[in-house]
Amino acid sequence: MKRIMSGNEAIARGAYEAGCTVAAAYPGTPSTEILENTALYKEIYSEWSPNEKVAVEVACGASIAGARSICAMKHVGLNVAADPMFTMAYEGVNGGLIIITADDPGMHSSQNEQDNRYYAPHAKVAMVEPSDSQECKDFVKYAFEISEKFDTVVLFRITTRIAHSKSIVELKERCEVGVKEYKKDIEKYIMIPAHSRVKHYEVEERLLRLQEYSNNCPLNRIEWGDKRIGIITSGISYQYAKEVFGENASYLKIGMSYPLPDKMIKKFAKAVDKVYIIEENDPYLETYVKSLGIECIGKEFIPICGELNPDIIRRALLPVKEKNIYRVDIKVPSRPPVLCPGCPHRGLFFAISRYKDIIATSDIGCYTLGMMPPLNVADAMICMGASISAGVGFKKAAEKAGRDSKVFGIIGDSTFFHSGITGLIDAVYNNAPIVTVILDNRITGMTGHQDNPGTGRTLMGEEAPIIDIEKIVKAVGIKDENIRVVDPYNLEETQRAVDDAYKAVEPFVIITKQPCTLIKEVQKRRFNMYCKVEDERCKKCKACLRIGCPAITFKNGKIAIERSMCNGCTLCMQVCKFDAIEKVGE
Amino acid sequence: MTKSILFVGVGGQGIILASKILTEGLVKFGYDVKMSEVHGMAQRGGSVTTQVRFGEKVYSPLIGVGEADVLVAFEKVEAARWISYLKEGGNLIVNDYEIYSMPVLIGQEQYPENVIEELKSKVENVKIFNAAEAAQNIGNIKTQNIVLLGALIKALGLENLDWEGIIKENLPEKMQDENIKALKFGMNI
């Protein structure tokens with residue numbers, strides 16, 4: 001049976017067909033849908049873990065127990081999870097173990113553009129790279145086989161364009177492999193130095209065997225065409241290269257990209273007149289090919305920064321005929337991302353924005369958008385969890401410099417569970433009088449609504465205990481009098497909390513509680529609620545525009561609220577001094 | 001012959017669903033298809049694009065500048081933003097509908113007044129109509145995406161295929177009637 005699937009759906013399908021029984025992840029674009037899809041197969045236990053390190057560790061444990069296991073994360077997630085991966089590379093596996101890294105060339109939704117192919121040689125694990133959805137599915141099966149045959153972790157590297165583009169996939173039945181027997185083996189599974197020293201030799205020896213395999217495996221293949229040009233490529237770049245060169249070149253398509261197939265590369269290079277390396281971002285393949293003493297053309301023409309596409313390759317490597325391009329003579333206004341209409345974070349940001357001297361260290365989530373005009377709240381954003389800990393550092397440095405900076409670290413509920421807790425412990429332990437704001441909207445918002453330890457439901461739809469953020473905050477040592485739990489739709493209450501926090505001289509926490517406006521039940525509940533402007537009372541002072549709600553427009557000399565977008569959060573009503581905005585519905 | 005379609009608009013307008021229905025249909029009718037979407041940072045109000053390529057054999061899921069056979073703009077200023085992707089002589093379908101972005105709402109930038117005239121003066125094959133209004137008349141403004149899909153199917157000359165069946169397979173029952181109406185309306189523009 002044929003179906004059109006995204007790369008992520010196909011990876012989940014591959015795991016299902018290959019008899020995988022455990023899958024774990026923390027959501028992160030572009031990897032999120034992998035676990036959302038494994039959860040659809042009842043044969044696979046699937047979980048949202050609090051963070052990527054935990055996800056890898058869950059998969060490691062499952063593998064040791066004998067289960068084929070996968071864990072998935074975005075590229076920066078692997079930084080969080082690198083610790084267990086590097087040691088699991090020594091321990092090896094029992095059931096096959098795949099760690100998926102979804103890189104984001106072009107940074108469609110990421111803070112950097114790291115090329116995680118380098119993690120494979122660094123951790124000394126095998127790596128595979130599919131180039132479309134069919135390969136995503138097939139390569140998962142190969143990866144499990146490689147993992148078990150060579151007793152290694154396999155890094156499964158995809159990119160946004162593989163994860164989120166759809167192509168046709170031929171479905172097969174599941175092959176039940178069961179859960180292997182577990183035998184206690186402390187020399188394999190406990191990496192004390194005495195064991196690890198031995199293991200390191202085994203790892204090096206395994207790499208040699210893997211390289212032999214790489215030279216002979218079906219994942220790496222040569223497609224002969226015109227031999228004047230030989231293209232070495234992998235992942236999505238293979239598809240772009242084919243689009244541009246078609247039959248006018250020969251291809252060495254790399255599907256197993258660590259260890260790289262040295263003999264195959266040499267044989268291929270010898271058979272063609274000129275070698276091109278076509279790859280996105282870093283010169284990973286190119287550096288290796290050059291290390292074999294082979295002359296090749298790559299990064300001097302193909303850019304390192306940004307996402308690749310056929311057009312860039314064409315312009316870089318072929319004589320280009322300039323084509324006529326349509327142009328219009330109007331200035332097109334920009335359309336940056338914004339907090340949704342009715343977003344509960346808006347009230348908090350509006351309250352903070354009244355203070356012009358607050359330093360706000362932000363975190364990874366929708367609420368990063370609080371930095372956009374007109375709210376303009378945020379000074380720094382680094383990585384998940386860093387809002388609180390970077391806030392501590394900022395505060396300490398400011399104190400040293402004798403500056404009286406008031407620092408607000410702003411973080412979401414999912415992110416707090418991910419890696420904010422440790423930052424808060426740091427703030428208490430080292431007595432940093434910063435304000436931590438936990439925006440609890442009861443969901444992992446920006447990745448598209450995944451459950452988390454605060455939502456009361458698991459990925460597989462089962463009820464779960466709700467981890468109480470307020471209790472955690474108290475448990476780590478924030479004093480009762482320094483905690484405020486507020487409804488961010490209530491501007492007065494929120495403002496009061498921000499005012500108190502501003503004056504506080506001890507670590508302080510504000511928790512805002514109001515669910516994400518895009519949660520289906522919330523949308524249903526608020527369907528008939530909206531705000532409207534009473535034209536006679538409106539003085540056109542535009543105070544309501546300052547909250548930055550996309551539903552409020554000033555058009556043809558009139559303020560209006562777009563009903564289809566408004567959810568009646570009433571923030572605009574609360575900032576209007578002339579009672580010109582009314583709420584409809586309850 | 002590979003055909004390339006670029007959908008552009010604003011988060012919340014139903015672009016991803018429309019391109020999904022198109023893609024499912026093309027697969028069903030025997031084409032090789034690649035579809036690509038990228039989620040930006042905002043769920044509502046930010047720019048959204050999806051790309052669909054189909055034919056006998058498709059390699060790249062991405063469309064380059066000057067390569068789209070049809071550009072479907074769900075919002076008119078987005079048509080202007082992406083116009084350079086339209087192939088010379090390609091079809092431009094525009095929803096004559098405005099959504100102000102945040103810089104426009106807060107007065108930092110201007111929403112241009114003459115978008116439609118400008119597009120008409122520069123592109124030969126243009127179809128411009130208010131899909132949102134048409135959808136509202138059908139009974140649900142949210143079906144504007146399917147009205148536009150109908151117009152696209154006509155531009156591609158694929159209106160003889162069973163798109164009603166595809167809609168039925170991809171949407172819940174209670175939404176099917178109005179979406180089929182929307183599709184037919186779009187195909188007849």
Side-chain angles (χ1 to χ4, degrees), chain A residues 2-4 29-30 106 108-109 132 160-161 164-168 236 238-244 309-312 314 323-341 366 368-369 372-374 445-446 448 518 542 545-546 548-550 552-555 564-565, chain B residues 10-12 20 23-24 26-27 32-47 51 58-67 77-78 80-81 83-88 92 98-112 114-115 118-119 121-123 141-142:
Chain A
K2 281 186 173 161
R3 268 188 54 196
I4 184 111
T29 312
H108 298 284
S109 52
D132 62 12
T160 302
R161 205 54 72 175
H164 282 172
S165 69
K166 295 190 180 191
S167 56
I168 294 170
I236 192 71
Y238 162 76
Q239 304 290 353
Y240 300 154
K242 280 288 253 197
E243 181 80 32
V244 172
N309 64 43
D311 223 31
I312 294 171
R314 211 172 280 129
K323 50 190 166 193
N324 288 324
I325 301 258
Y326 290 114
R327 282 175 226 281
V328 286
D329 299 318
I330 41 177
K331 197 170 174 310
V332 179
S334 56
R335 197 181 293 281
V338 282
L339 294 173
C340 299
C366 300
T368 315
L369 297 172
M372 302 296 291
M446 196 157 89
L518 296 187
K542 300 187 189 169
L545 291 179
R546 290 199 352 253
C549 175
I552 309 175
T553 59
F554 183 67
K555 228 183 230 183
S564 67
M565 291 166 93
Chain B
V10 180
K20 182 179 168 234
T23 306
E24 294 282 350
L26 292 168
V27 174
D32 187 22
V33 187
K34 284 195 174 166
M35 183 264 218
S36 193
E37 62 184 64
V38 165
H39 318 288
M41 281 180 71
Q43 299 211 24
R44 294 285 184 278
S47 281
Q51 321 192 6
V58 181
Y59 289 108
S60 168
L62 282 184
I63 303 166
V65 168
E67 285 178 357
V77 99
E78 295 306 308
R81 190 189 314 281
I83 195 71
S84 64
Y85 278 75
L86 186 64
K87 182 185 275 178
E88 207 180 351
L92 175 64
E98 291 180 358
I99 301 175
Y100 283 7
S101 67
M102 191 49 62
V104 171
L105 290 172
I106 61 174
Q108 274 183 350
E109 293 184 45
Q110 288 288 317
Y111 193 96
N114 51 341
V115 185
E118 183 67 18
L119 290 169
S121 74
K122 295 287 164 64
V123 184
I141 190 168
K142 289 194 163 167

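In what follows, every chain begins at residue 1, and chains take the letters A, B, ... in the order their sequences are listed. For the numbers below, each heavy atom of this structure counts, side chains included, while hydrogens, waters and symmetry mates do not.
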Step by step, work out the side-chain contact (heavy atoms from CB on, under 4.5 Å) result for B:L119 and A:V328.
CA-CA 7 Å; B:L119 290 169; A:V328 286; 4.1 Å; yes
Does the side-chain contact (heavy atoms from CB on, under 4.5 Å) test come out yes or no for B:V27 and A:K166, once each step is laid out?
CA-CA 11 Å; B:V27 174; A:K166 295 190 180 191; over 6 Å; no
Does the A:K323 side chain pair with the main chain of B:V65, one donor and one acceptor, at a distance under 3.5 Å?
yes
Over all heavy atoms of both residues, which pair between B:V77 and A:P333 is shortest? Give the atoms and the distance, please.
CG2-CD, 3.6 Å
Report the distance from atom CG of A:D132 to atom NZ of B:K34, rounding to the nearest 0.5 Å.
5.0 Å
Contact origin within A:K242 toward chain B - heavy atom pairs under 4.5 Å:
both
Portion of B:K142 that has a non-hydrogen atom of chain A nearer than 4.5 angstrom:
neither
Note: A:S334 and B:S101 closest approach over all heavy atoms is O-OG, 2.7 Å
Heavy-atom proximity to chain A below 4.5 Å, by part of B:Q110:
backbone
Proximal component of A:I312, with respect to chain B [non-hydrogen, under 4.5 Å]
neither
Of all of A:E243, A:R546, A:R327, A:R335, which one pairs up most often with chain B through heavy atoms under 4.5 Å apart?
A:R335
Interface check, chain A: of B:K87, B:E78, B:E24, most non-hydrogen pairs under 4.5 Å belong to B:E78
Can you say whether A:L545 sits under 4.5 Å from chain B via the side chain, the backbone, both, or neither, judging by heavy atoms?
both
Nearest-0.5 Å distance, OG of residue B:S36 to CG of residue A:N309:
11.0 Å
Tell me whether A:Q239 contacts the main-chain N or O of B:P61 through its side chain, where contact means a donor paired with an acceptor under 3.5 Å.
no
Mind listing the closest non-hydrogen atom pair of B:M102 and A:P374 along with its distance?
SD-CD, 4.0 Å
Heavy-atom cut-off 4.5 Å, strictly under: side chain, backbone, both or neither for B:V104 against chain A?
side chain
Taking all heavy atoms of A:I330 and all of B:A80, pick out the closest pair and write down the distance.
CD1-CB, 3.9 Å
Could you list the residues that satisfy side-chain hydrogen bond (donor to acceptor under 3.5 Å, both in side chains) with A:S564, not counting sequence neighbours?
A:E562
What closest approach, in Å, do A:F554 and B:Y100 show between heavy atoms, and which atom pair accounts for it?
O-CE2, 4.3 Å
Chain B heavy atoms under 4.5 Å from A:R314: which part of the residue, side chain, backbone, both or neither?
side chain
Could I get the full list of salt bridge (charged side-chain N to carboxylate O under 4.0 Å, His left out) partners for A:K555, not counting sequence neighbours?
B:E98
Between B:E118 and A:D329 (side chain of the first, backbone of the second, donor and acceptor by atom type, cut-off under 3.5 Å), is there such a pair?
yes
Taking B:S84 for the side chain and A:I325 for the main chain, is one N or O donor matched with an acceptor at less than 3.5 Å?
no
With a 4.5 angstrom heavy-atom cut-off, could you sort out which part of B:I99 is near chain A: side chain, backbone, both or neither?
both
A:S167 OG to B:D32 CG distance, which is reported to the nearest 0.5 Å:
7.5 Å
